[in-house]
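Below is one structure, written out as structure tokens, with a few remarks after it.
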Amino acid sequence: MAANSSATGTAEIGVTGLAVMGRNLARNFARNGFTVAIHNRSFAKTQSLVDDHGDEGTFVASESVEDFVASLARPRKIVVMVKAGAATDAVIDELVPHLDEGDIVVDAGNAHFPDTIRREKALRAKGLHFVGSGVSGGEEGALLGPSIMPGGTAESYQWLGPILEKISAKVDGVPCCTYVGPDGAGHFVKMVHNGIEYADMQLIAEAYDLLKQGLGASAAEIGQIFADWNTGDLESFLIEITADVLQHVDAASGSAFVDIVLDRAEQKGTGRWTVQNGLDLGVPITGIAEATFARALSGSVPQRTAALGTLPAHTTDWQVEDRAAFIEDVRLALYASKVVAYSQGFDQIAAASAEFGWDIDRGAMARIWRGGCIIRARFLNRITEAYERNVDLPLLLADEYFTGAVGNGVPAWRRVVAGAALHGVPTPAFSSSLAYYDGVRAERLPAALIQAQRDFFGAHTYRRTDRDGTFHTTWSGDRTEQDA
Ligand code: 6PG
């Protein structure tokens, strides 16, 4: 940190890292009336922001990190918008020597939350605040109003909150930004947001495939079905863009655009992190996991090549007779599977909150996801209401609203999953969500047999339904039961 009080400027917020996201965030701050200090490793990007958008507000451009820091009012609030990982550490290391006690560094990239916990601890030891903040909404959201999920100290939010809330998306006048919780909480919630995004996208893709295979419908026709769905309970950004994408025609070939895109889904890693953490916490986030593995399967080229035309299908063509009824079945199955994915994601947030002592308000998370972010959707209001009814709700599906909304669709859900299995249409997310629904509502699970097997081969012990204690049966001896 600066040995003595370094120069103090007037900028209310600073942004370093002016690639598309950083540039748009800086513009968003400026358009909302804040004086914005801007900096980038290469000055050309800083200059081009001033040249192209200098008239949108007040920017203070600096070439050196020292001047950038000096142009900010105290406590300094600096948003770092660079690639997650080593680049973030490098920028922080460069900034820190110039900062003074109480200054706030915000990492607005998609950092992995353990890194955020580590960085927060290191900066706290130097008397600085480190805020790991999820920012969702892509380029357009950054410019026009993202959903913002800041972690860090509650004190840092006193300073940052008003600024971030002002630039965030608003739904019914309510900002899509709130304090999430200490250290890694903000980036954790953003990670789960992305995991849910993966599940949502996979479910939509499966619905599209079901309609394509079941109805033999064209991309444009299916796009129209999604457009219709977007006027009801499923209304959401992802359904809306799906309708748009499916109706888009490739200029070069004249084909439906979706038909010329290579069918290998990629990822930058947030979905994988979500699944890894679900395993660590022991939370069954099966919808997110299936979605992540479905992307992996799509990219498993040698395996797909070996299987194509080789593995027998034993199916017949799917000829749906009542088209309207089938479309409605798929809609209901999509809705139900989607609720399962969200229910699981919120369970994961609750488990991590307990594990790390974050005290995350799940209803507030659903509220700030209503606008700005990729998973923004009409039904998030219902999730907020559910957690307002019961802040400790153990299972979103068990909330009275969702029990009804999903329950009504169960017969359709079963028909769709059974139909897909019979006709060889892969629906990992639809199917696993239904399996989760049946598993979580089961009075008795075959887990009892697994415990018995574990005790048989490894003396791993078991508990009984009829009395307390832990037991082992002497399987290789006289099969008497012992207290373990
Ligand atoms: C957002 C998005 C954003 C991005 C992800 C997708 O909330 O604005 O989630 O973070 O689109 O990086 O990542 P994949 O490349 O992993 O699909």
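Whatever order the structure lists ligands and atoms in, that order sets their numbers, starting from 1. Source: prediction; values computed, not measured.
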Below 3.5 angstrom, do we get any N/O pair linking E266 and ligand 1?
no

Quick one: which ligand 1 atoms are inside 4.0 Å of a heavy atom on N110?
10 (O), 12 (O)

Answer with yes or no whether G138 contacts ligand 1, where contact means a heavy atom under 4.0 Å from a ligand atom.
yes

If we set the cut-off at 4.0 Å for heavy atoms, which region of M149 has an atom near ligand 1: side chain, backbone, both, or neither?
neither

Which atoms of ligand 1 are found less than 4.0 Å from any heavy atom of I374?
1 (C), 2 (C), 7 (O), 8 (O)

R362 charged N/C atom sitting above F346 aromatic ring, 6.0 Å / 45°
no

Give a yes/no on ligand 1: does M201 have at least one heavy atom closer than 4.0 angstrom to it?
no

Return yes if a side-chain donor-acceptor contact under 3.5 Å exists between H39 and T16, otherwise no.
yes

For ligand 1 and V135, I'd like to know whether there is a polar contact (N/O to N/O, distance under 3.5 Å).
no

Counting from 1 in the order shown, the ligand 1 atoms closer than 4.0 Å to a non-hydrogen atom of N194 are 5 (C), 7 (O), 9 (O), 10 (O)

Tell me whether ligand 1 is touched by G137 - counting only heavy atoms on the residue side and a distance under 4.0 Å.
yes

Quick one: does NZ or CZ of R124 land under 6.0 Å from the six-membered ring centre of F130, within 45 degrees of the ring axis?
no

Begin from the C-alpha positions of M201 and L238 and carry the test side chain to side chain contact (heavy atoms under 4.5 Å, CB included) through to its verdict.
CA-CA 7 Å; M201 292 168 76; L238 286 170; 4.0 Å; yes

Above 12 or not: heavy atoms from other molecules or residues under 6.0 Å from CD of E328?
yes

If you take the nearest heavy atom of each of Q267, K268, R295, E197, which one is closest to atom 17 (O) of ligand 1?
R295

